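Down below is the structure, laid out as C-alpha cells.
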Amino acid sequence: MKPIISTVKGSRDFYPEEMAVRKWLYGRLQEVSETFGYQEYDGPFLEKIDLYAAKSGEELVKEQAFVFPDRGGDLITLRPELTPSLARMVAQKQGELVFPLRWWSFGPFWRYERPQKGRSREFFQWNIDLIGALGPEADAELVAIGATFLKQTGLKSDEVTILVNNRRLMEKALLDIAIPLELHKSVFRLIDRRDKLSPEAWESYALELGLTSEQFMNLVGLLGNTSLWEQSEELRRFFAALEVMGVREYVRYDPQIIRGLDYYTGTVFEARDRDGEFRAILGGGRYDNLVGDVGGSPLTGVGFAMGDVVVSLVLKKYGKVPAFQPSPAPILVTVFDEERLSVSTGFAARLRAAGLRVNCFTDATKLQKQLKFADKMGFRLVAIIGPEEAAQNQVAIKDLVSRTQTIVQQSEAATVIQQILAGG
RNA sequence: GUGGCUGUAGCUCAAUGGCAGAGCACUUGACUGUGGAUCAAGGGGUUGUGGGUUCGACCCCCAUCAGCCACCCCA
C-alpha cells in the first residue's frame, strides 16, 4: 500500500456524517438569519494583505494569517475574518446600498494557529451584521438572533447563555472608582484575563498596572455587581427589547465580559455553554467607524461571528445534533442476477421519473449482501425483482422497518412506495 | 510563536528491552430468493516517519510529523 498523504495541519475532512452536521448547521442559521430579514452575501476567499493591515493590524495579520505571494509578486491572504471585506464592500457602494443594512454570510476562513479543541486552521464562520442602525434595540436584535439560533438548534437557556456588557458603561464605572482614562485599555485587558489567572496572580497583575489597592478593591466590587446594567439607559432599553422579543431568558448581564478586540465601542456579548467547558460559541458587539477605516463615511454597526467548531462541540455534548441518515434515498433497488440487471436498472429509472430518490445496485452480488448493505445504509425500503416477479411485471417491496413485504405491479410501485413513505 | 502529554490492526486499547495481542468492526460459511441475532472459521501490522544506543527496541535516546492540553490569540 502506498502511504496516504496526510491532511494539512488543522484542516478537516468532511465525511458524509460531518458534512450532514455542517449542512444542518447552515440550514439553521440561514433560517434564523432570514427570519430576521437579513440578506446573504459573501466576499472573496482571497484578499490582498493591505486590506487587513489597515484595520486588524498586528497579531491577526502578522501571526495568524496565511499569506503568500502570487505569481505577480503581490502578497495574497486567505481571509482570516470577514469584517474588513464587509467594510470594503459597504464603502464601495455606500451611495447605492439601502440602509440599515442587514447582511449575513457563512463560509470558510483560515488562521495559522496551533490547532486544539474548538480551534482549527480552516474553519467555517457565520457572520451577521446590522449596519447603519443606532439604537440599543439594534444591539438587542443581534443578541436575539444569536439566542434564537441557539434555541432553534434545541439548546436550552440552562445549557447556554449569552453574556452581555457595555464598554461605555464600563468606562464610566471605571472613572467613578477613580481609574483614569489612560489606564482603561490595560484594565479592560486585566478584566478579560481574570478567569485565566489565579486570584493572587490576578491581583499582582492589577497592582503592576499601577492600580492602588483601593482601586483594586473597588474594581473587584464592580465586577461582582450584576445590577450595574441598571445604571445604563442603553442597557435598560436593550434588556427591555429582549424581553418583548421573548428571548430574555437566554441573556445575562455580566460585568466581566469585555471581549479582546479593540474596535468594540458599546455593547459586547458572547455565548458560552453552561459549564464553561468550551471557548466562546459566538462573540460580537457594537463597533464604530467600520466603514470609515477603509475610506467611506463613518457608519456604526453591530454584529457577531460564530465559528462552526465550538458550536458543533457544544451541540454534540448536549445531544442536539440530529441522527445521521446515511442514505439520501429511502429505497434501494436490488439486482437479482445478471439477467435481471437491466430490469432493475430500468425499474429504478422509472421510480426516479416518478419523483422518488432511488439507489440502484449495479452489481449482481448475493441478495443477502445487498440487504445487508441496505440495512447499514439505513434504507427504509428495498425493491426486489426476481424471475417470478419479472415474469409478471411485478416487484417485491420490502419494508425494513416493519419487516413486511408486499408484491405489487411495477406500474403501481411508485404510488405504493409514496404511500408507505408518507404513512411514516 | 512558547511549554507539556500522546502516537501500536479500520476503531478503542494491551504487551518487564526478549515470538506484536484483545474487544468491536471486516471477510467467508452455517443460510444455493431476503437485513439486524447466534455460531464457526479467516484476513488484516515497516508499532506515525527518519536516525541512534543495544546481542536484541513498540519500549531507551535524538530529530521530525500529527493529534491533544495549557499559554498567546480568538470563532
Side-chain angles (χ1 to χ4, degrees), chain A residues 1-12 15 25 29 56-65 79-83 105-128 146 189 192-193 195-197 201 258-264 268 270-272 277-285 303-314 332 334-337 340 361 364-390 395-405 407:
Chain A
M1 257 183 17
K2 283 184 186 172
I4 296 169
I5 308 291
S6 62
T7 53
V8 171
K9 182 177 184 145
S11 67
R12 294 165 291 166
Y15 286 85
L25 208 58
L29 58 89
S56 325
E58 300 104 56
E59 178 91 20
L60 196 58
V61 175
K62 281 186 192 149
E63 314 262 340
Q64 296 185 356
R79 62 179 188 184
E81 60 164 333
L82 190 59
T83 308
S105 183
F106 182 75
F109 294 87
W110 295 266
R111 290 186 194 171
Y112 196 81
E113 297 183 283
R114 286 280 286 267
Q116 52 187 270
K117 200 195 321 190
R119 190 171 79 183
S120 56
R121 286 186 173 182
E122 181 180 65
F123 56 97
F124 286 80
Q125 198 178 70
W126 177 29
N127 283 266
I128 183 159
R189 183 160 166 71
D192 200 38
R193 300 203 60 197
D195 291 336
K196 300 251 176 168
L197 302 172
I258 287 297
R259 305 295 301 157
L261 295 173
D262 289 337
Y263 57 74
Y264 291 124
V268 286
E270 63 186 42
R272 314 221 54 132
E277 181 184 340
F278 306 101
R279 51 190 80 235
I281 299 166
L282 59 85
F304 69 81
M306 183 189 79
D308 70 312
V309 184
V310 174
V311 74
S312 297
L313 290 171
V314 172
L332 173 72
T334 58
V335 172
F336 193 83
D337 53 24
R340 249 61 57 169
F361 239 79
T365 55
K366 290 174 70 171
L367 195 56
Q368 189 184 35
K369 236 181 145 174
Q370 298 182 49
L371 282 162
K372 204 161 187 173
F373 170 82
D375 186 47
K376 284 183 187 166
M377 289 292 289
F379 288 95
R380 170 74 194 275
L381 300 172
V382 169
I384 303 164
I385 305 175
E388 289 169 26
E389 289 86 359
V395 56
I397 305 293
K398 184 178 171 69
D399 187 331
L400 294 189
V401 175
S402 68
R403 312 194 65 167
T404 55
Q405 184 169 314
I407 294 178

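Quick note on labels: first sequence line is chain A, next is B, and so on, each numbered from 1. Note that the coordinates shown come from a computational prediction; the quantities given were computed from them, not determined experimentally.
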Open item on the list: For RNA chain B, report each stem as range with range, ordered by first number, or say none. Use Watson-Crick or G-U wobble pairs under 3.5 Å, at least 3 in a row.
Closed with: B:1-7 with B:65-71, B:10-13 with B:21-24, B:26-30 with B:38-42, B:48-52 with B:60-64
Open item on the list: Base contacts versus sugar-phosphate-only contacts with protein, heavy atoms under 4.0 Å: please encode nucleotides 32-41 of chain B as B, S and - from 5' to 3'.
Closed with: -BBBB-----
Task: Residues which pass salt bridge (charged side-chain N to carboxylate O under 4.0 Å, His left out) with A:Asp337, listed by chain and number, not counting sequence neighbours - done: A:Arg340
Open item on the list: Going by the rule salt bridge (charged side-chain N to carboxylate O under 4.0 Å, His left out), which residues pair with A:Arg121 if we only count those two or more places apart in sequence or in a different chain?
Closed with: none
- [ ] Nearest whole angstrom, please: distance from the C1' of B:A75 to the CD of A:Glu113.
- [x] 9 Å
TODO: Give A:Lys196 one of three labels, base, sugar-phosphate or nothing, depending on what nucleic acid heavy atoms sit under 4.0 Å from its own.
DONE: base
List, one per line, each side-chain donor-acceptor pair under 3.5 Å for residues 367-379 of chain A, sequence neighbours excluded.
| from | atom 1 | to | atom 2 | distance (Å) |
| --- | --- | --- | --- | --- |
| A:Gln370 | OE1 | A:Val335 | N | 2.8 |
| A:Gln370 | NE2 | A:Val335 | O | 2.8 |
| A:Gln370 | NE2 | A:Thr365 | O | 2.7 |

- [ ] Take atom C1' in B:G45 and the same atom in B:G21, then report the distance between them in whole Å.
- [x] 11 Å
TODO: Could you give the distance separating B:G44 and B:U53 at their C1' atoms, to the nearest angstrom?
DONE: 32 Å
Task: Residues that A:Glu389 engages under side-chain hydrogen bond (donor to acceptor under 3.5 Å, both in side chains), provided they are two or more places apart - done: none
Open item on the list: Holding to salt bridge (charged side-chain N to carboxylate O under 4.0 Å, His left out), I want the full list of residues that pass it with A:Glu122, two or more places apart in sequence or in another chain.
Closed with: none
TODO: May I have the distance from A:Glu270 (atom CD) to B:A75 (atom P), rounded to whole angstrom?
DONE: 9 Å
Open item on the list: Restricting to side-chain hydrogen bond (donor to acceptor under 3.5 Å, both in side chains), what partner residues turn up for A:Thr404, sequence neighbours left out?
Closed with: A:Ser402
Task: Smallest separation among heavy atoms of A:Leu82 and A:Phe109, with atom names - done: N-CE2, 3.5 Å
TODO: Give a yes or no on whether a salt bridge exists between A:Asp192 and A:Arg259, defined as a side-chain N under 4.0 angstrom from a carboxylate O.
DONE: no
Task: A:Phe123-B:A75 aromatic stacking (under 5.5 Å, under 30°) - done: yes
Dump the pairs, protein N or O against N or O of nucleotides 64-68 of chain B, anything under 3.5 Å, distances to one decimal.
| from | atom 1 | to | atom 2 | distance (Å) |
| --- | --- | --- | --- | --- |
| B:G67 | OP1 | A:Gly10 | N | 3.1 |

TODO: With sequence neighbours excluded, tell me which residues meet ring pair (Phe, Tyr, Trp, His ring centres under 6.0 Å) with A:Tyr112.
DONE: A:Phe66
Task: Between B:C73 (P) and A:Asp192 (CG): distance, integer Å - done: 9 Å
- [ ] Please list, chain by chain and in numerical order, all residues satisfying side-chain contact (heavy atoms from CB on, under 4.5 Å) with A:Val8, sequence neighbours excluded.
- [x] A:Ser11
- [ ] Could you tell me which residues satisfy side-chain contact (heavy atoms from CB on, under 4.5 Å) with A:Glu113, sequence neighbours excluded, listed by chain and number?
- [x] A:Gln64, A:Arg111, A:Arg119
